[in-house]
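Some notes on the structure that comes next.
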Amino acid sequence: MDHGYTLDIAIYAGGTVSFSGQTPRSKDLGGAEYCAVSMAESLTRCGHRVTVFTPYSPAVYGDGTEITVNAVKYMSIQHHWEMTCKSKL
């Protein structure tokens, strides 16, 4: 559904569980994490750009710091902090 505008949406899914859009298809997630994936995927189907920030885990991110699954970008919170916030201190 196209409303004539596109939003850049960030979802912060902090805590201790690292996940991406692939995770609910391969193992169980908690309710908050599952909702973050579902909401992010629904928003991208509406034409918006969505980034979900999660804790870093090599099992999820491999050697990188971000991945895209079903048009949703998943980014390591730690990487985002180092790239944007830490440099401003």
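In this text the structure is predicted, and so the values were computed from the model without any measurement.
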- Query: Who are the side chain to side chain donor-acceptor pair (under 3.5 Å) partners of S42, not counting sequence neighbours?
  - Reply: R45
- With a 4.5 Å heavy-atom cut-off, do I77 and Y12 have their side chains touching? yes
- Residues in side chain to side chain contact (heavy atoms under 4.5 Å, CB included) contact with I9, at least two apart in sequence or another chain: L7, I11, L43, H48, V50
- Item | Shortest non-hydrogen contact from A13 toward P55 | O-CD, 3.6 Å
- What heavy-atom pair brings A40 and V52 nearest, and what distance separates the two atoms? CB-CG2, 3.8 Å
- Please round to the nearest 0.5 Å and tell me the distance separating atom NZ of K73 and atom OG1 of T68. 6.5 Å
